[in-house]
Amino acid sequence: MDDRGAADVCRTPRSADADRQEAGQLLDPWQRHRRPSVLRPCPARARQPGRERRAVRRRRARRRRPGPQRGRRRSGLLGPVRAHRSDRGPPDRHQHPVGAGTRHAVRGPDRNHCLHGLPAHAAGRRRLRSAVPTAPCAARHRGRFRLGGYNPQLLLRSSVAMRLSRFPLSTTKETPADAEVVSHQLLLRAGFIRKLGAGLYTWMPMGLRVLRRIETIVREEMDRAGAAELLMPSIQPAELWQESGRWKLMGAEMLRIKDRHQNDYCYGPTHEEVIVHHAKQDVRSYRQLPFNWYQVQTKFRDERRPRFGLMRAREFLMKDAYSFHMDAADLDREYQNMRVAYAKVFERIGADFRIVQADSGNIGGAKSEEFHILAGSGEDLLAVSTVGSYAANMEAAACPPSGKPRPAASQALEQVSTPGQKTCEQVSKFLSVALTAKVKLLVAKGREGGLVAIALRGDHELNEVKAAKHPLIASPFEMAKIEDVQAAFGCEVGYLGPVKCPVPVIADHAALEIADFVCGANVNDHHLKGVNWGRDCDVAPGYDLRKICEGDASPDGQGEIKFYRGIEGGHIFQLGRKYTEAMSFTVLDEQGKAVTPEMGCYGIGVSRLAAAVIEQRHDKDGMRWPDAIAPFRVLICPIGTDKSERVKAVAEQLYADLLAAGVDALLDDRGLRPGPMFADADLVGIPHRVVIGEKGLAANQYEYKKRGAEKADMIDASVAAVLERLNA
RNA sequence: CGGGGCGUAGCUCAGCUUGGUAGAGCGCUUGCUUCGGGAGCAAGAGGUCGCAGGUUCGAAUCCUGUCGCCCCGACCA
């Protein structure tokens, strides 16, 4: 990395910290995580004679090089650090020495604008009061610092590198071969992300802006909801996981690492253990409860099969929050609080979403809901009521008894020959009875060993998640081995039935509601007709064991069920005392008695949300970002800048004016022909586009087009007219 | 974890069966023309064919191993 001419300028650890603090005060909120890049000479490096000589040679060579090659070098070869510092002119001109007493924010919106010397109130932040420009610096900028007509306060709010000629954007016409879903294809084509390995992606500058905006919205809503941000390490010691018992429970999904002392660590797939550990350190009294701590942190889950780009990546960005409470009622209050905050987040990023009931896993009684962004490419199937508010993940969707009494028996029991008819479909066709008039029997492994038979209506499917919760059935659910079933029943699996069944039978509610049904005779090549519960076999105890079907009545009695596909973007969960107990976290209550706190956890897949929004909002030309999370808000496309100085000048002026008005504007000053320029504009999906051309200017007009609109409108050639459209 | 496939220029891929001078399109560079929806012509730059062994006079091509990636399934929830 250091043979690229960076020997003369580099970051020292101290300056990086200090700079981050200082620059962070100057940038607008959603920019505050962007790395500041105030450069200073690095004494350690400069002292090395060989390095210094090489650097000097390179600097000289660079100066000798004619223009075009310099341009190429800046944009392509210098690597990300320099490439991102676009728009600030040649690097050497802005390398201010930074030391005690000098505070610089060299990042202006472009090389003609500098933040030096702005009044302290402009930033509204304490640190800026010490922002005194050094004399040489102030002098250097005096001649070119055009503040006329600018509102410095607004200037601060606008962003940094906004000329496409200096913004590393790399788009392709061709769709990458291994990208299956639209979001993955578009993110790659538009150069928002680049793949580094299986399930590993680099966020390129344009994409990172989107990610940061989503992050900011998440932070704002979490802060507003009263949660406090912290940041935990991504690497965690094994001891914590051994303490909670999950070191053994977690499968290969958890990436385990050894350090040089052969101590075990993992790259955190989640942070329950760490947060409880810290809570134990600092929280001892009921007076300190409740609280909610959150972080935005990179997680790693070693998925067996990472796919769909950001949707199921191995490394991803997640906001995870953990709350602690004295009792379940207070946990529930915070849970509802988070539920509201999450809804606001999803609304703000412009997602069409549903809150669905989720499976609470093996932690009985705990409440859990997922926030799903509806999309045909979603990995989860959702059962949603057509009328009421009921919505649940397929796994969790309840199938209660219909409440209708079982009809009386009207047929006599009869054994019929059904040679070779093993499946429900075959039998129902062979005997000409409806699939819904058949009962099928599945055999699962029992919790205490042995076998358990599960009776379902012929057209229904077993929900294994529900089955695993049944006291008689093994958890995790496992079907019985075919040989064991044949040994127990004395017939092939195609002819099983509840009559004279050799193993305990449990039944789904729906199977219990039919009379005169058909089922296997427990004899090869034979079925029974006219079977009735109670008369012909014991009435099996009824449970909810099946998967819900499209068209079923909604469990809340309002409307019927329709299926949607969704992308899980958020998940809120009442954990109860699972982790606090396992890790012996207690606080003293008012009576001085030790109490184990209740815990909740709440996650949002930040990087996944970016992909999910694209899945919902795109067309054949590219992405369509909502204003709230677009990488830029408005794109200025001047046409024919090589011929028309006027177009160029007008575009520059509009760009400057929009920045001054606090609008995140991007100027396409690459001088491309209109075709590629518009194609890129559509692909990147910036919500508003202003085209400036000689034709329009002749009539004193700009062309305005909202991304996705049918056609463009001509508007007055003024900032006011543009702003009006932006705010429409 | 089981099955299948692919690693050749920055990207998408051909060439491999049947061993003998490494190719196309896109992109990139330069020039001229063109330029309101992914331009044309001309001239260029760019690859130790994933890596390591082996067979052979000779390997992108055949063999063995290895690494990486992709797809299907199972697993996980």
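Please read all numbers here as calculations on a predicted model, not as lab measurements. Values below: all heavy atoms of this structure, side chains included; hydrogens, waters and symmetry mates excluded. Chain letters run A, B, ... following the sequence lines, proteins first and then strands; every chain starts at 1.
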C1' atoms of B/rU8 and B/rC51, separation to the nearest Å: 14 Å
Taken to the nearest whole Å, CG/A/Asp621 to C1'/B/rG37 is 9 Å
Rounded to whole angstrom, note down the P distance from B/rC35 over to B/rG47. 37 Å
Can you tell me how far P of B/rG38 sits from NZ of A/Lys620, to the nearest Å? 12 Å
Nearest listed nucleotide, side chain of A/Asp680, among B/rC72, B/rG38, B/rG25: B/rG38
Within 45° of the ring axis of A/Phe300 and under 6.0 Å from its six-membered ring centre, is that where the NZ or CZ of A/Arg314 lies? no
What's the CD-C1' distance between A/Gln185 and B/rC11, to the nearest Å? 15 Å
Hunt down the Watson-Crick or G-U wobble partner of B/rG47, both distances under 3.5 Å, from any strand shown, or write none. none
Run the ring-centre check on A/Tyr201 versus A/His184 and record whether the distance is less than 6.0 Å. yes
Across all strands, who's sitting opposite B/rC13 as a Watson-Crick or G-U wobble pair, both distances under 3.5 Å? B/rG23
Counting Watson-Crick and G-U wobble pairs only, both distances under 3.5 Å, name the nucleotide matched with B/rC32, or none. B/rG40
Tell which nucleotide pairs with B/rC1, taking only Watson-Crick or G-U wobble pairs whose two distances are both under 3.5 angstrom. B/rG73
How far, in whole Å, is B/rC63 from B/rG19 if one measures between their C1' atoms? 13 Å
Looking only at B/rG37, B/rC35, B/rA39, the nucleotide nearest the A/Asp642 side chain is B/rC35
Between CD of A/Glu478 and C1' of B/rA77 the distance, given in whole Å, is 17 Å
A/Arg304 has a side chain; which of B/rG38, B/rA74, B/rC69 sits nearest to it? B/rA74
Among B/rG38, B/rC72, B/rG37, find the nucleotide with the atom closest to the side chain of A/Arg689. B/rG37
Can you identify which nucleotide, out of B/rU34, B/rG37, B/rC11, has its nearest atom closest to the A/Arg673 side chain? B/rU34
Are a donor atom and an acceptor atom from the side chains of A/Lys319 and A/Tyr342 found within less than 3.5 Å of each other? yes
For B/rC72, take OP1 and OP2 only and decide whether either is under 4.0 Å from a side-chain N or O of A/Arg305. yes
Using both distances under 3.5 Å as the test, list the Watson-Crick or G-U wobble partner of B/rG7, or none. B/rC67
Closest to side chain of A/Glu180, choosing from B/rG38, B/rG37, B/rC72: B/rC72
A/Lys173 has an atom NZ; how far is it from atom P of B/rG27, in whole Å? 5 Å
Roughly how many Å is it from CE in A/Met250 to P in B/rA77, rounded to a whole number? 10 Å
Value in whole Å for how far the C1' atom of B/rC75 lies from CZ of A/Arg301: 16 Å
Just how far, in rounded Å, is C1' of B/rA77 from CD of A/Glu303? 10 Å
Taking atom P in both B/rA74 and B/rC28, compute the distance separating them and give it to the nearest angstrom. 44 Å
Quick one: label A/Glu174 by what it contacts on the DNA or RNA (base, sugar-phosphate, nothing), any heavy atom closer than 4.0 Å. base
Considering only heavy side-chain atoms of A/Ala679, the closest of B/rC72, B/rC35, B/rG38 is B/rG38
Would one find more than 12 heavy atoms of other residues, nucleotides or ligands at under 6.0 Å from atom CG of A/Leu200? yes
Which class fits the ring pair A/Tyr602 and A/Tyr335: parallel under 30°, tilted 30 to 60°, perpendicular over 60°? tilted
Out of B/rC72, B/rG38, B/rC70, which nucleotide sits closest to the side chain of A/Lys195? B/rC70
Given that both distances must come in under 3.5 Å, which nucleotide forms a Watson-Crick or G-U wobble pair with B/rC62? B/rG54
Atom of A/Val684, atom of A/Ala190 and distance for their closest heavy-atom approach: CG2-CB, 4.4 Å
Taking atom C1' in both B/rC67 and B/rG58, compute the distance separating them and give it to the nearest angstrom. 27 Å
Between B/rC35, B/rC72, B/rG38, which one does the side chain of A/Pro674 approach most closely? B/rC35
Does one side chain, of A/His271 or A/Tyr322, offer a donor that lies under 3.5 Å from an acceptor on the other? no
